[in-house]
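The residues of the chain are indexed from 1 along the displayed sequence.
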Amino acid sequence: MNELLRWTGLRWKCLRWIGLLALTAMEGVSPDQESVGSGTKRSSASSGSRSRNCKEFLHRFVDSGMLTAQLEDWFESISSESEPKKPAFDVPFEMIELQKFDYALEGISFQQVIRMPNSVYASTSDAVEATAYLAIEDFLHAGAKGLWEAFWNQDGPMPFSVACLYNENLKFYQAEKAVADGKLGGLCATGLLLTNPRHPRGRWDHILELSLLRPDIRNFSMDSDGQLSLSVLGEALFYAIRVLLSRSLSRMNYSQSSNSVFILLVDSQYGGVVKVEGDVNKMVFDANNVYECAAEWITNHSRIAVSSIDRIWNKVGNANWGDVGALQVLFATFHCIVQFAGFPKHSVEDLAADHGPRLQARRTERQLGNSRANGNGLYRFQQRSVSPEIVEVQDDSAKIETKQLMKLEVGSVLWLEDSNWQKGYHISQVLNNNEHPYYIASPVEEPQKSFFLYVGSHPSQLEPAWEDMNLWYQVQRQTKILTIMKQKGLSSKYLPQLSASGRIIHPGHCQKPSSGGNCDHPWCGTPILVTSPVGETVAHMISEARFGMEDAIRCCHDCLSALSTATSAGIRHGDIRPENVICVRSAEKQPYFVLIGWGRAILDDRDRPSMNLHFSSTYALQEGKLCSASDAESLVYMLYISCGGVLPDLDSVEGALQWRETYWSRRLIQQKLGEASTVLKAFADYVDSLCGTPYPMDYDIWLRRLRRNINEDDSGKEIDTSG
């Protein structure tokens, strides 16, 4: 009976489907098409409804004080969880980023700011406040114009303007006009906006950044622990949300980093930056509870970073373009311009790289090119003029050139001091990766073993050059990354291993002060990193035409295995190139490849990858960040040249992106890899499909495919199956 009922039910379903087919055939529409069409309509209607809800939400979201009141519990919780005397929020920019940006700005001349704020802010008169708004307009305009001409277009007009926001109607006015119209008391912010003649009073989706003028922000806006007060932070978050919501409703094409906004906090002398980042599509648009919904989004779906409050203007009102406070504001403006104009024609790295030559030119101009270093590491003047006012300084202790003193050769012995022990290393070989030297060394007590030895720059150099920043990444930062790998238990033969790290023990008596620091010896305090294993770089193998097709397959497998292991702990490499992959050989085992050079590794969103015109991924060049396939894309470029591909001469980010677009679209990279192996060609196709998307790499499937090809090509050779 049950079987009969089931059969009858199926029969009625079939008859119903046949009838529906006949009906829809008469109308010229298939059931599937009708279903898809209705689904599309529902999706479109849902999208339109959400847009209307967002507009209504934004229309009612007008009171910063209401939002601040909703954030009291959250702010108290954040403050209580932070350690005493430690900031509750991350900083938007690391000091190493600001230093690099400072180097890049050395050759940039910003406009002289004529209108300046009143340095004595005790008065709250309208005249003083008007002067401050005019000064902020000038500062933002001069900063944006200088950045635009230096990084994007020196000859073209700047596509941005500056205006003040009027609180009552949330429209923008020039500060002079607002003062003349008697609206000074209603001004609440100053904005940097896209210039649009059709909208002279500005649009919220055209805002690059907003600056809030708040009297004496350094003293009255900071609590006893140096934290930004809730009243100031709440207002900054209010304006940030309005900007993000306006962008989400805009028809303009933004970069993928447009889900972040910078709010500047300034007074007549000091300033800081608040960065708010998050996807506003995750916000619940309940028009009856706008402030509760906004507070919930801030608590659960946003990332907030707050900088220190530092000096922007000096006491007489001049802009200190090179101070940390001004650098933070300019760097925020730089990131805002990137969101609207795309990545610059000249990158920060390109301009910062000129720091060394500029420094040498200045020393030459001041006749310091051949001067020697005295005991304090300072350069002493030498008499090169007949003027009696210039006296040669006799310093018998400064007999040795610093470079000669720091030069390490084959046969040199370095002693390393860790917290608990000392160890000597005998240098057997001096190498160079086109940036700075590093060494192969053996422990004095175990001469049969070999390690890579990296020596950093002296920590107290008077004016460190750009090359010293590269050394910082190679030694100090790589030490941090390898230590994290070790702490997280990452183990792979394709990853470098941290053997030792510490400071150089220099010859002679160390006169280190009791209060800490270093003595006057050029080696005192210099950091050292020791890693294993040791091998030959792929760059050297390619230059000598010793990198074969079988090596390419094995190299791809081994590097992917290293990336897979590191990615499992949230670490990405960010600087894959032939100089950062070594081939390790031994008499007993088959050669294998190790991915080294982890100093530029990405741990979180604040880190920035190395910018290499030939090997950086497309997403890294466009956004300054890595996507899930970025390391694999860099690996493909390395394999491309190892298989005989030729890289063009590139001198700009635009040229690099155009080359990538042309070669990927014409499948020239896939064709070249296909000459070596079909699996490499397939891997390049897979990477091409993932570039710029949020989808994760499937390492396992490609490790299996590559392993099978190694087995086929190298029958009987040992294959590591841990990857």
Side-chain angles (χ1 to χ4, degrees), residues 94 96-97 100 349 431-440 451-457 468-502 527-539 555-556 558-584 592-612 615-617 620 625-635 637-638 697 699 723:
E94 296 292 342
I96 189 69
E97 293 180 287
K100 186 195 304 181
E349 286 77 8
L431 306 172
N432 196 296
N433 60 2
N434 296 327
E435 292 181 350
H436 30 66
Y438 62 107
Y439 312 91
I440 295 179
F451 298 90
F452 278 139
L453 188 147
Y454 304 93
V455 179
S457 58
D468 294 313
M469 290 185 63
N470 288 334
L471 279 176
W472 180 86
Y473 278 110
Q474 187 183 53
V475 181
Q476 287 99 314
R477 182 98 196 304
Q478 186 169 204
T479 300
K480 173 185 175 181
I481 301 298
L482 296 183
T483 301
I484 291 174
M485 288 183 175
K486 193 171 184 179
Q487 292 171 347
K488 292 188 175 184
L490 299 187
S491 178
S492 171
K493 65 184 290 186
Y494 309 119
L495 287 173
Q497 302 299 315
L498 175 64
S499 175
S501 65
I528 300 180
L529 171 63
V530 182
T531 68
S532 64
V534 168
E536 179 185 21
T537 65
V538 168
C555 179
C556 184
D558 296 353
C559 288
L560 279 183
S561 181
L563 292 175
S564 176
T565 303
T567 303
S568 66
I571 303 173
R572 289 170 291 174
H573 191 279
D575 190 21
I576 295 180
R577 49 192 170 94
E579 292 81 6
N580 282 339
V581 180
I582 60 171
C583 181
V584 181
Y592 62 95
F593 293 86
V594 177
L595 185 56
I596 63 172
W598 287 84
R600 294 275 187 171
I602 307 300
L603 298 177
D604 53 45
D605 291 340
R606 293 176 299 173
D607 296 329
R608 293 292 178 264
S610 173
M611 303 302 288
N612 188 301
F615 298 104
S616 290
S617 69
K625 298 180 181 179
L626 298 186
C627 67
S628 61
S630 288
D631 280 335
E633 184 182 346
S634 298
L635 177 59
Y637 296 140
M638 189 186 77
M697 279 280 300
Y699 290 102

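- Here the CG-CD distance, from L482 to Q487, works out to 11.0 Å after rounding to the nearest 0.5 Å.
- Taken from CD1 in I576 to SG in C559, the straight-line distance is 6.5 Å, to the nearest 0.5 Å.
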For I571 and I602, run side-chain contact (heavy atoms from CB on, under 4.5 Å): C-alpha distance rounded to whole Å, both residues' side-chain angles, the deciding distance at 0.1 Å, then the answer. CA-CA 6 Å; I571 303 173; I602 307 300; over 6 Å; no
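- The two residues S616 and Y637 make their nearest non-hydrogen contact at O-CE1, 3.6 Å.
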Derivation and outcome, side-chain contact (heavy atoms from CB on, under 4.5 Å), residues V538 and C583: CA-CA 7 Å; V538 168; C583 181; 5.7 Å; no
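- Nearest approach of Y494 to F593, heavy atoms of both residues: CD2-O, 3.2 Å.
- Side-chain contact between F451 and P533 is absent, with no heavy-atom pair separated by less than 4.5 Å.
- D575 and N612 share no donor-acceptor pair across their side chains, judged by distance under 3.5 Å alone.
- Across every non-hydrogen atom of S492 and T565, the tightest pair is CB-OG1, 4.0 Å.
- To the nearest 0.5 Å, the span separating OG1 on T567 from CG on L490 amounts to 10.0 Å.
- Counting only distance, with no hydrogens or angles, the side chain of Q478 and the backbone of Q474 share a donor-acceptor pair below 3.5 Å.
- Of the possible polar contacts, none joining the S532 side chain to the P496 backbone as a donor-acceptor pair under 3.5 Å is found.
- Evaluation of the side chain to side chain contact (heavy atoms under 4.5 Å, CB included) rule for M697 yields L560, A629, A632, F683, Y686, L690, Y699 as partners, not counting sequence neighbours.
- Judged purely by atom type and a 3.5 angstrom limit, K625 has no side-chain atom pairing as donor or acceptor with the backbone of A620.
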Applying side-chain contact (heavy atoms from CB on, under 4.5 Å) to W598 and M485, what does each step give before you reach the verdict? CA-CA 11 Å; W598 287 84; M485 288 183 175; 3.5 Å; yes
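- Here the OH-CG distance, from Y439 to L453, works out to 8.0 Å after rounding to the nearest 0.5 Å.
- Between Q497 and T531, the closest side-chain pair of non-hydrogen atoms is not below 4.5 Å.
- Using a distance-only test at 3.5 Å, with no hydrogens or angles considered, no donor-acceptor pair links the side chain of R572 to the main chain of L603.
- Of the inter-residue distances, the one linking L635 atom CG with H573 atom NE2 reads 10.5 Å to the nearest 0.5 angstrom.
- In this structure, the side chain of E97 engages the main chain of E94 through a donor-acceptor pair within 3.5 Å.
- Atom CD of E349 and atom CG of N470 lie 10.0 Å apart (nearest 0.5 Å).
- A search for side-chain hydrogen bond (donor to acceptor under 3.5 Å, both in side chains) contacts involving D604 returns R606, not counting sequence neighbours.
- No option in T537, L595, V594, I596 other than L595 meets the side-chain contact (heavy atoms from CB on, under 4.5 Å) test with V581.
- Residues satisfying the salt bridge (charged side-chain N to carboxylate O under 4.0 Å, His left out) criterion with E579, sequence neighbours excluded, are R577.
- Aromatic pair Y438/F452: ring centres closer than 6.0 Å.
- In terms of heavy-atom proximity, A569 sits nearest to K488 at O-NZ, 3.1 Å.
- The minimum heavy-atom distance linking Y473 with I96 is given by the pair OH-CG1, 4.1 Å.
- When every heavy atom of L495 is checked against every heavy atom of A562, the shortest pair comes out as CD2-CB, 3.7 Å.
- Under the 4.5 Å side-chain criterion, counting only non-hydrogen atoms from C-beta, C555 is in contact with M638.
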Let's go through D631 and L626 carefully: what are the C-alpha distance in whole Å and the side-chain angles of both, what is the deciding distance for side-chain contact (heavy atoms from CB on, under 4.5 Å) to 0.1 Å, and is it a yes or a no? CA-CA 8 Å; D631 280 335; L626 298 186; 4.2 Å; yes
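- Taking R477 as the reference, D607 meet the side-chain hydrogen bond (donor to acceptor under 3.5 Å, both in side chains) condition, with sequence neighbours excluded.
- Applying the salt bridge (charged side-chain N to carboxylate O under 4.0 Å, His left out) definition to pairs two or more places apart or across chains, those involving residues 528-539 are E536-R546.
- In this view, S630 and S617 satisfy the side-chain hydrogen bond (donor to acceptor under 3.5 Å, both in side chains) rule, not counting sequence neighbours.
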